[in-house]
Amino acid sequence: MDIRSTDTSLLTWTGDTLALGLPEGAVEIAGELAELNDKLGGTLGELISETEFEGKLGSSAATRLGGGGPIRKLILVGLGKTADFDLQTLRLAAAAIARLAKQQKSQALAISLPVVGDQSATAGAITEGLLLANHQDTRFKSTKEEKGAKLETVELLGLGEQASAIAKAEQICSGVILARELVNAPANTVTPLTMAETAEQIASEYGLSLKILEQEECESLGMGAFLGVAKASDIPPKFLHLIYKPQGTPKRKLAIVGKSLTFDSGGLNIKGAGSGIETMKMDMGGGAATLGAAKAIAQLRPEVEVHFICPATENMISGRAMHPGDILTASNGKTIEVNNTDAEGRLTLADGLVFAEKLEVDAIVDLATLTGACVVALGDDIAGLWSSDESLAAQLQEAAKLAGEKFWPMPLEEKYFEGLKSPIADMKNTGPRPGGSITAALFLKQFINNTPWLHLDIAGPVWSDKENGVNNSGATGFPVRTLVNWVMANN
Ligand code: BES
Ligand code: MN
Ligand code: ZN
């Protein structure tokens, strides 16, 4: 899809399909709209009245314009209330337009949407909505034809020259799409080895450095928690450490640590019927978003040093599997009684966090499909956010707001750590069912000393069973855009 912005106005554009956004309320055909309506022989007014189009957010209408006129198809999308307009309004409108244009078999499209903020932010948000809604993962179909027509060219009307904002949005979306493709791919395709290969590709394409810690090196660093999980798998674990360094002195040093379980069977506490075991290819969603963010940041080149860390393995069963009740020692010396092998993500992250803190970064963000309990609490669209540092939490929420991704602050309620007390080791890896996402966060906190740290439980939003906003069904690429905005805000 070739996206360009132009000063051409709604009235002078000619071509295949014109898409317009209209705010909520009785549409008044006056001014520019009246001129357009005249130019289209009254079809705009007819379409609005016949479909009772009221501009409600998410609503749309489309028609074919007969004769050899200047425009062949017209698409209307509702923008909702003017007072509520934000960048997400633009993304949602652009996503709706992309889907309708495909259905209408449009190849050349022009879009007229209001400016929110400034012209470059507007062009960026529209580009994101178009690219994310347009992406369909057909890699695993024997016939690769996508539904509808392929959108070839899109012109953003009345926005002037926005080539750099569009290019930036394209770079960010390339990271989101990488994350989606990693999560969509099943566990017989994406393994710790392919995660490592993906990191290698990013490193070589954009000049990042990559250190892959093999099992022996993890052993010598004392990563007993990560390796305890990895033990049963026939595929060797790969602890990935990808580093983006800017040219000059970095303004800040940040670390992102993503849970990278390419499959979670539960281990010997195996996931039973109805547990969703067949969806557990998504359990590397945190690592996928970490690599997606790396791909985007490597292209955006901020003056910030960023460490991307993915302790990649599978949680499997075999004669070598860790037993329920085993005691593991993490790389900070703390001992863990594994009372449930299905609480494996926190074990891998424990060593990931200790490793990140040794890098002496200014802040650490971890992201993980960590608990079903977080999905019960916040549903499919909202991730949980825990932090030991208020200003880091505020930074992340600001980045999320810009991205149109949702996080809800959750408590690091120290008293609940009592649920993780072990009679024999420093802690258990699992507490009681109530507050399960909170005890998971408190467990992670044991592996951080002083560095400002923030934990995101993304088990709900990494996946969508149906079309939802800018996402199609399948992996969403959540929260790559928030991570990128957060890093760029430190620039
Ligand atoms: N990977 C799962 C969490 C998960 C659930 C991710 C649903 C995506 C969708 C995690 O490793 C897990 O199994 N958690 C257990 C923890 C329990 C044993 C304390 C859970 O949530 O049931
Ligand atoms: Mn598990
Ligand atoms: Zn898991």
Side-chain angles (χ1 to χ4, degrees), residues 179 182-184 186-187 190 192 195 225-226 228-233 237 257-289 310-317 321-322 324-326 328 336-350 352 366-384 410 416-417 419-420 422 427-444 455-465 474-476 478-479:
L182 285 167
V183 174
N184 279 336
V190 164
M195 293 279 288
F226 172 53
V229 176
K231 252 172 94 182
S233 175
V257 185
K259 173 173 170 181
S260 304
L261 267 294
T262 60
F263 187 70
D264 177 12
S265 71
L268 285 173
N269 290 102
I270 195 162
K271 289 180 183 290
S275 62
I277 189 171
E278 72 286 358
T279 68
M280 281 302 138
K281 65 176 184 183
M282 73 165 94
D283 216 17
M284 32 61 78
C310 300
T313 187
E314 302 182 297
N315 187 21
M316 296 298 283
I317 50 172
M322 68 177 167
D326 279 1
L328 305 176
I336 305 156
E337 179 189 1
V338 181
N339 60 334
N340 192 323
T341 61
D342 198 10
E344 83 299 335
R346 60 196 77 180
L347 296 171
T348 66
L349 289 173
D366 80 69
L367 55 153
T369 48
L370 202 63
T371 66
C374 196
V375 189
V376 171
L378 300 175
D380 287 331
D381 290 351
I382 307 171
M410 300 282 278
Y416 290 3
F417 190 72
L420 291 175
S422 163
M427 69 197 92
K428 298 189 291 189
N429 71 331
T430 311
R433 258 168 73 85
S437 68
I438 299 172
T439 42
L442 288 170
F443 178 92
L444 296 179
H455 159 60
L456 301 172
D457 194 331
I458 60 170
V462 284
W463 189 267
S464 179
D465 285 330
T476 59
F478 186 97

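Whatever order the structure lists ligands and atoms in, that order sets their numbers, starting from 1. One-based numbering along the sequence shown.
Considering each of R433, K259, R346, K271, the one bringing a non-hydrogen atom nearest atom 13 (O) of ligand 1 is K271.
Residues E278 and K271 are not paired through a salt bridge, judged by the lack of any N-O separation under 4.0 Å between the basic side chain and the carboxylate.
Distances from the Zn ion (ligand 3) to the N/O/S atoms of E344 are shortest for OE2. Sorting the N, O or S atoms of D264 by how far they are from the Zn ion (ligand 3) puts OD2 first. Shortest distance from the Zn ion (ligand 3) to D283 is reached at OD2 (N/O/S atoms only). D264 contributes atom OD2 as its closest N/O/S atom to the Mn ion (ligand 2).
Among protein heavy atoms, atom 20 (C) of ligand 1 sits closest to G372 N, 3.9 Å. Atom 19 (C) of ligand 1 has T430 CG2, 3.3 Å as its closest protein atom, hydrogens excluded (heavy atom only). Looking only at protein heavy atoms, the nearest one to atom 12 (C) of ligand 1 is D342 O, 3.2 Å. Given atom 18 (C) of ligand 1, the protein heavy atom at minimum distance is N340 ND2, 3.4 Å. For atom 9 (C) of ligand 1, the closest non-hydrogen atom on the protein side is M280 CE, 3.7 Å.
V375 does not count as a contact of ligand 1, since none of its heavy atoms falls under 4.0 Å from the ligand. L370 counts as a contact of ligand 1, since one of its heavy atoms falls under 4.0 Å from the ligand.
Here the angle at the Mn ion (ligand 2) defined by OE1 in E344 and O in D342 stands at 70°, rounded to 10 degrees.
If you look at L261 next to ligand 1, there are no close heavy atoms at all, none under 4.0 Å.
Interface of E344 with ligand 1, defined as ligand atoms under 4.0 Å from a residue heavy atom, comprises 11 (O).
At a threshold of 2.8 Å, the Zn ion (ligand 3) has a backbone or side-chain N, O or S atom of K259 nearer than that distance.
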